[in-house]
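These notes concern the structure reproduced below.
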Amino acid sequence: MGVDMSNNNPNSRTKDYFASPALSLSLAGIFRDAGAAAAAAANIEVEEGEEGSGGGGGRKEDTVEISSETSGAARSRSDDEFDGEGDEDDGDGDKTKKKKRKKYHRHTAEQIREMEALFKESPHPDEKQRQQLSKQLGLAPRQVKFWFQNRRTQIKAIQERHENSLLKSEIDKLRDENKSLREQINKSCCPNCGSATVARDPSNSTDEQQLRIENAKLKAEVEKLRATIRKYPMGTSSPSCSAGNEQETRSSLEFYTGIFGLEKSRMMEIVNQSMEELVKMATAGEPLWIRSVETGREILNYDEYLKEFAVEKSGMNNGPKRSVEASREVGVVFVDLPRLVQGFMDVNQWKEMFPCMISKAATVDVISNGEAENKNGAVQLMFAELQMLTPMVPTREVYFVRYCKQLSAEQWAVVDVSIDNVEENIDASLIKCRKRPSGCIIEDKSNGHCKVTWVEHLECQKSTVHTMYRTIVNSGLAFGARHWIATLQLQCERLVFFMATNVPMKDSTGVATLAGRKSILKLAQRMTWSFCRAVAASSYNTWTKVSSKTGDDIRITSRKNMNDPGEPLGLILCAVSSVWLPVSANVLFDFLRDENHRNEWDIISSGGAVESMANLSKGQDRGNAVSIQTVNSKDNSMWILQDCCTNPFESMVVYAPVNISGMQSVMTGCDSSNLAILPSGFSILPDGIESRPLVITSRPEEKSSEGGSLLTVAFQILTNSSPTAKLTMESVDSVNTLISCTLKNIKTSLQCEEG
């Protein structure tokens with residue numbers, strides 16, 4: 001089976017078809033010759049191993065596959081025109097031409113749809129997958145192989161074209177700066193002799209100095225790009241450290257650059273209109289928002305919305321059918337207003353606030369910096385990849401403009417809005433999710449708290465979602481306002497407990513010093529972030545589906561850690577499975593986090609006694625805590641670091657075995673960044689089915705209804721300490737058995753074997 005080569009390996013070719021290759025300096029064209037460029041534009045077949053090489057030196061084939069989704073001049077030609085080629089010669093020459101005549105095949109819409117679905121899950125299908133798909137679609141395996149090769153080539157061509165546009169825009173900026181600098185110098189010089197004038201304006205000198213500084217920065221940036229291109233030839237990926245920030249900020253839509261080709265005045269007009277809409281959406285009551293009697297959730301009256309805001313039918317709505325998701329939620333968070341606003345405008349802080357929801361985020365361009373310190377009026381172009389903690393739900397890639405504005409002395413607003421017609425040459429099929437004016441109104445409560453009113457309004461292409469998650473996704477709960485608010489409240493509360501110096505001893509047992517407490521909480525946070533990144537359907541991961549012994553679907557992926565000290569070095573295998581259980585999310589969470597029940601499901605503990613030697617609270621709910629557990633088995637003893645998180649929407653139990661001596665140093669307050677840790681754990685969600693209450697009562701405890709829960713279990717294991725090792729079937733079988741036995745033990749303990 002295929003092995004997912006990590007981005008950490010400089011010699012590996014990533015299977016992520018959105019991974020960005022090195023930038024190309026060639027502004028005249030991407031490929032080395034016109035023939036190769038035409039082949040990429042028309043999705044002409046490319047032999048395996050030649051992708052991204054520019055098309056030179058490849059083995060020639062007699063058959064050319066042309067997908068029905070090809071673009072450019074090749075697509076506009078008729079089949080008859082192609083068949084006419086090679087008829088010029090007669091005799092032996094004519095026979096030779098006929099023998100080499102190229103055959104064409106156009107796929108049906110159904111065939112393309114099925115191949116696109118597999119391509120999203122696995123851009124590099126193995127032989128077995130190709131054979132299965134060819135039988136299903138009535139195509140030859142060779143045709144399926146060529147279609148996937150052509151699709152990968154097309155994606156890479158789009159990336160490289162726009163990466164060249166990025167470099168071109170930087171050079172254009174540099175030219176403009178040089179022009180401004182020359183004009184500034186000419187104004188300050190005598191037109192006759194060229195020497196500096198006596199009555200030189202001091203402000204001009206300051207402006208000139210600033211221009212020189214900015215010009216130097218631009219030169220350095222261009223030189224940096226050139227050095228990158230020289231170091232990594234076109235078609236290869238640059239190596240990166242998994243602990244570095246560069247890879248974190250690269251998005252799968254990195255090639256979308258520039259400011260849409262729109263005038264800045266038009267851009268400001270759009271964001272101001274969006275701000276007005278957000279304020280109305282956040283403050284209006286009925287008939288715009290109607291509260292459901294059954295669920296208590298607010299529901300948008302879409303007919304009223306269309307009348308209120310006179311929404312124009314955009315080009316995005318003319319394409320594939322889209323579903324509309326709208327939600328509103330109000331919550332109080334324990335954080336001061338300036339810090340919260342700063343967290344939204346700094347992309348790295350924003351991603352850290354929502355680690356379970358955002359897998360990737362990047363600020364593509366800054367349109368306006370706003371006022372220096374408080375960011376009032378700041379406008380920036382952003383990209384985000386939104387996720388759920390399971391590989392069974394596809395991620396959502398959103399490209400939007402974020403605008404921050406102070407509404408009054410105590411009130412701020414942050415609005416996000418997607419803008420249509422980003423760029424003429426962009427493949428529209430890549431933009432599958434867009435934001436109508438969404439965001440939050442933040443009100444300062446002057447006691448360290450803020451009231452946040454969150455509005456989430458999305459248009460998304462309808463995609464195939466596993467039946468188990470269909471209810472929670474289609475109802476808008478998965479990516480809705482309630483999820484955002486609950487996650488924000490949890491992270492702000494965690495920050496307060498991290499910074500606190502007066503935590504009661506009952507909430508901080510087993511750790512003697514404040515420095516030790518902070519060091520442990522910091523390590524636990526890093527462990528949970530790593531878990532969130534490992535288990536989702538993000539383009540960081542390439543998942544392969546296998547069947548377990550119990551019939552549950554298991555998805556596996558692997559990566560190679562070359563030099564990140566925060567994880568074990570070598571080949572890491574991650575296996576994830578999601579199941580539905582007929583128990584409530586709260587019951588399941590309490591069972592999995594309790595050390596007294598650990599030996600009932602944890603195979604590693606081998607039935608040994610588990611004790612908690614340290615417990616650190618990180619929230620008001622007793623379920624939000626970090627603990628250090630000892631497992632005493634017959635063979636050996638080990639320590640386990642466990643981080644538990646819970647909010648009204650989602651709960652997590654993340655844990656990892658830790659080096660005892662290293663953990664002891666962390667408990668004394670030493671830096672934990674170099675302690676290698678490989679987390680496994682669980683994500684728990686309610687199943688999203690909100691049933692009609694059995695009774696009507698004012699007592700809150702009577703209103704809760706017992707429902708099912710969606711459990712995602714994930715294990716990460718180091719299969720080989722050598723990064724050059726290959727993934728073996730023995731490793732896959734081992735992790736398959738581990739997940740199957742764990743799920744069976746959980747079902748047995750909770751008496752839901754038939755579930």
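Reckoned from all heavy atoms, side chains included, excluding hydrogens, waters and symmetry mates. Because the structure is a prediction, the values reported are computed rather than measured.
Of the possible polar contacts, one joining the His483 side chain to the Ala478 backbone as a donor-acceptor pair under 3.5 Å is found. Between the side chain of Trp289 and the backbone N or O of Met281 there is at least one donor-acceptor pair closer than 3.5 Å. Panel note: side chain Asn541, backbone Arg533; a donor-acceptor pair is recorded below 3.5 Å. For the pair Glu493 (side chain) and Gln620 (backbone), a donor-acceptor distance under 3.5 Å is present. Judged by distance alone, the side chain of Asn272 and the main-chain N or O of Met268 form a donor-acceptor pair under 3.5 Å. One N or O on the side chain of Gln380 and one on the backbone of Met345 form a donor-acceptor pair closer than 3.5 Å. At least one donor-acceptor pair closer than 3.5 Å links the side chain of Ser617 to the backbone N or O of Gly619. Thr283 places a side-chain N or O within 3.5 Å of a backbone atom of Val279 that can act as its donor or acceptor partner. Although no hydrogens or angles enter the test, the distance criterion places a donor-acceptor pair under 3.5 Å between the side chain of Ser359 and the main chain of Glu385. Between the side chain of Arg328 and the backbone N or O of Ala282, at least one donor-acceptor pair lies under 3.5 Å.
Note that the OG atom of Ser538 and the CD atom of Gln387 stand 6.0 Å from one another [nearest 0.5 Å]. We find the CG-CG distance between Asp336 and Asp444 to be 8.0 Å, quoted to the nearest 0.5 Å. How far OG1 of Thr471 is from CG of Leu477: 9.5 Å, rounded to the nearest 0.5 Å. To the nearest 0.5 Å, atom NZ of residue Lys405 and atom CH2 of residue Trp412 are 11.5 Å apart. Taken from OG in Ser651 to CG in Leu685, the straight-line distance is 8.5 Å, to the nearest 0.5 Å. The CD1 atom of Ile358 sits 9.5 Å away from atom OG1 of Thr487, with the distance rounded to the nearest 0.5 Å.
Minimum interatomic distance between Gly623 and Phe589 (heavy atoms only, all atoms of both residues): O-CZ, 3.5 Å. The two residues Leu490 and Thr646 have their closest heavy-atom pair at CD1-O, 3.7 Å. The two residues Ala500 and Leu514 make their nearest non-hydrogen contact at O-CD1, 3.6 Å. Shortest non-hydrogen contact noted between Leu300 and Ala326 is CD2-CB, 3.5 Å. Between Ile485 and Gly331, the closest heavy-atom pair is CG2-CA, 4.2 Å. Between Val341 and Cys404, the shortest heavy-atom contact is CG1-SG, 3.6 Å.
A heavy-atom distance below 4.5 Å is not found between the side chains of Phe383 and Val398. Val364 has its side chain out of reach of Met382: every pair of non-hydrogen atoms, C-beta onward, lies at least 4.5 Å apart. The closest side-chain heavy-atom distance from Met652 to Arg593 is not below 4.5 Å. For the pair Trp529/Glu352, a side-chain contact is recorded, criterion being any heavy-atom separation below 4.5 Å from C-beta on. Using a 4.5 Å cut-off on side-chain heavy atoms (C-beta onward), Val324 and Tyr302 make contact. At a threshold of 4.5 Å between non-hydrogen side-chain atoms, the residues Gln642 and Val653 count as touching. With contacts defined as side-chain heavy-atom distances shorter than 4.5 Å, the pair Ile684/Leu710 does not qualify. When side chains are defined from C-beta on, Met353 counts as touching Leu340, because their heavy atoms get closer than 4.5 Å.
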Leu389 vs Glu650, test: side-chain contact (heavy atoms from CB on, under 4.5 Å). Steps then yes/no.
CA-CA 10 Å; Leu389 296 184; Glu650 185 173 27; 3.4 Å; yes

Would you check, one step at a time, whether the test side-chain contact (heavy atoms from CB on, under 4.5 Å) holds for Leu278 with Ile441?
CA-CA 8 Å; Leu278 172 66; Ile441 308 295; 4.2 Å; yes

Can you check side-chain hydrogen bond (donor to acceptor under 3.5 Å, both in side chains) on Ser673 and Asp671, steps first, answer last?
CA-CA 6 Å; Ser673 58; Asp671 182 26; 2.6 Å; yes

Start with the C-alpha gap between Glu456 and Lys435, add the side-chain angles, then the distance that decides, and say whether salt bridge (charged side-chain N to carboxylate O under 4.0 Å, His left out) holds.
CA-CA 8 Å; Glu456 198 67 21; Lys435 283 197 173 192; 3.3 Å; yes

Might you work through the side-chain contact (heavy atoms from CB on, under 4.5 Å) test for Leu616 and Val511, ending with a clear yes or no?
CA-CA 8 Å; Leu616 309 178; Val511 181; 3.7 Å; yes

Give the intermediate values and the outcome of side-chain contact (heavy atoms from CB on, under 4.5 Å) for residues Gln491 and Val333.
CA-CA 9 Å; Gln491 293 302 316; Val333 296; over 6 Å; no

Applying side-chain hydrogen bond (donor to acceptor under 3.5 Å, both in side chains), run through Ser683 and Thr712 and close with a yes or a no.
CA-CA 5 Å; Ser683 168; Thr712 296; 5.0 Å; no

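Using a 4.0 Å cut-off between charged nitrogen and carboxylate oxygen, Glu329 and Arg297 do not count as a salt-bridge pair. Looking at Asp643 and Lys618, a side-chain N of the basic residue comes within less than 4.0 Å of a carboxylate O on the acidic one, giving a salt bridge. Electrostatic pairing of Glu304 and Lys307 counts as a salt bridge here, judged by a charged N lying under 4.0 Å from a carboxylate O. A salt bridge does not link Glu325 to Arg436: none of the charged side-chain nitrogens sits closer than 4.0 Å to a carboxylate oxygen.
Using cut-offs of 30° and 60° for the angle between ring planes, the Phe344 and Phe354 rings count as tilted.
A cation-pi arrangement is present between Arg402 and Trp350, with the terminal nitrogen or guanidinium carbon under 6.0 Å from the aromatic centre and inside a 45° cone about the axis. With Phe498 as the aromatic partner, Lys518 meets the cation-pi criteria of under 6.0 angstrom to the ring centre and within 45 degrees of the ring axis.
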